[in-house]
Every structure is written in structure tokens, then in C-alpha cells.
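Naming: A, B, ... by sequence-line order, numbering from 1 per chain. Values in this document were obtained by computation on a predicted structure and should not be read as measured data.
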Amino acid sequence: MRIATWNVNSLRARLPRVEDWLADVRPDVLCMQETKLAEDAFPHLAFEQLGYQCVHHGQGQWNGVAIASRVGLDDPVRGFADGAPADPEARLVTATCGGVRVSSVYVPNGRSLDNDHYRYKLEWMQRLLVHLQENEDATRPVIVTGDFNIAPDDRDVHDPKAFVGATHVSEPERESLRALERWGLSDVFRKFYEGDRLFSWWDYRSGDFHQGRGLRIDLVMATAPVVDRARWAIVDRNARKGQQPSDHAPVLVDLND
DNA sequence: ATGGTCGTTGCACGA
């Protein structure tokens, strides 16, 4: 089974590239973030023509997450299932695909350490942990993947000195990821690239992509039954090149059947 | 040196 995550930065703007990429790479499951589409505006037909069923949790204009699967898509859940009032932003969607409980997540950016949005980010990560504790079983196959807007450690940052005092690298953010790890998830990419400085996002500005100035913030977090099956992972940098790319590259993981 | 580019919506803001 091949699973991928890709922050597409507007599915309306990116649909031609997503279609071409799906036809080339043929993942069994693709988790998308930042569709920036209203719930009903998702282009289901385009995905069906490529053999994918989809679930979309959208709000229009901002955010929006989706899962496309060609290995089945059962029991879809939009947002948190923790009994608390619904998150006003569309940042989480879950479905069972090919025997794995898969969540596509778009963690809040945070903007700056003194911004209310940073508080929202930390609360959102805590709520994700509670949602997993209450809804999932860490001894079974679970994947939580998407744009976490957190670089797990300094290997994931092109220039750590330039990020002192910034979001994406702060200790509370990194601690919130470690809390997910204590529950039972681990960063599948690091099983294959222990010491490598490989990134998944590059700012559009200043030629950052071609200068190698990026962050690894798009993560495939998985429970042990999935990690044990993982045999290969890669950041598809080719998808960040050429005409009208997203600012994120897809991250792929292949699992043994 | 604190810039720059996208995508959204409209004449600014979020990333």
C-alpha cells in the first residue's frame, strides 16, 4: 500500500497538477490539506475518473482537508469526535482505507509566538491527542498524516539559528508532537532517513526551493503495526518544480501488504 | 539588509 500526504495550497488552483501526479505515482491513499474549497465544491468527478473515492471536510476560502482512496473509504468522520463543540475550522478528516484508520490533518500555523493563533495551535494539538485517545487504538493500524506546521527537531530546519523565536520549532510545539509519540505514533520518514536534512515545504519567495531553504513539516505519523510494514519513504521534490507548484511537496510511504 | 511570492478575496491578509 502506497500512502501520500500533500498540502496542495488550493485544490482549485492545483487540480491539473494533482491529477497528473496521481496518474504518475498512483498512491493507494492521498491525504490533502488546504483544499480551500467549500464542502460541496470538491471535484469528486475528477478523482472518480482516476479511480479514487474521496471524503472532503471543507469550509471554503481557507483550510479544508480531504482523503482520496482507491482501496476503499469507510466510516468517514469530519473533525474531532470528542464530544466538545465543533472546531470552527476544517482541519481534520478521518476514514478507513485498506484496513488502516487514516486521518488527514492541517495543524494551525500559529503565526507568531505571541499571537492568539499560536495558543489555538497548541490547544488544537492537545485536542488531537484526546481525540486519538478516545477514538483510536494505538495497537491497531493508524496513520495521522498531513501538514503539522511543526519541524520535529533541528534536522528538519534548513537554518535553526534563523528560526530562534519563531513558530514551527518552539519547544511547546515540539512537545505536542512528542505527546502524540507517547500515545503510540512515530515519524515514519525518520525510519529511513535518520540523519538527512530533507524538507517538504519551501517558501515561494526568494528562490527558497532552489536554495534549499526549507522545513520538514509534512509528516506521516503511524502506529507500530504500520511502522513495521513501512519499507520506503520519499519526499517527491519533482512535484515542487515547474509551473504553478504548491509550496509543499508530497511525502510518500510504501507499506508491505 | 527583515526584502521576496503565491492564493484567496477584493483594494489586505494568511502562509
Parallel, tilted or perpendicular: ring planes of H168(A) versus W201(A), cut at 30 and 60 degrees: parallel

Criterion side chain to side chain contact (heavy atoms under 4.5 Å, CB included) against F148(A), the qualifying member of D218(A), L180(A), I217(A), T5(A): L180(A)

dG4(B) versus dA15(B) - spacing of their C1' atoms, nearest Å: 14 Å

Nearest-Å distance once atom P is located in both dC6(B) and dA1(B): 27 Å

Touch class at under 4.0 angstrom, heavy-atom based, for R213(A) against every strand present: nothing

Whether R240(A) side chain and F209(A) backbone form a donor-acceptor pair below 3.5 Å: no

Whole-Å P distance, dG7(B) and dG3(B): 22 Å

Carboxylate-amine/guanidinium contact D28(A) R70(A), below 4.0 Å: yes

Toward the 5' end of DNA chain B, by each residue's nearest nucleotide, W201(A) or S10(A): S10(A)

Parallel, tilted or perpendicular: ring planes of F199(A) versus H158(A), cut at 30 and 60 degrees: perpendicular

Interatomic spacing from CG in D156(A) to CG in L215(A) - rounded to 0.5 Å: 8.5 Å

Contact list for DNA chain B against residues 109-121 of chain A - heavy-atom distance below 4.0 Å: N109(A), R111(A)

Ring-ring centroid check Y120(A) H117(A), cutoff 6.0 Å: yes

Pairwise P distance, dT5(B) and dG10(B) [rounded to whole Å]: 24 Å

Of N7(A) and T35(A), the one whose closest DNA chain B nucleotide lies more 5': T35(A)

Start and end of the DNA chain B segment that chain A contacts, any atom under 4.0 Å from a heavy atom: dG4(B) to dA15(B)

Sole residue of L177(A), V251(A), D147(A), L185(A) in side chain to side chain contact (heavy atoms under 4.5 Å, CB included) with L219(A): L177(A)

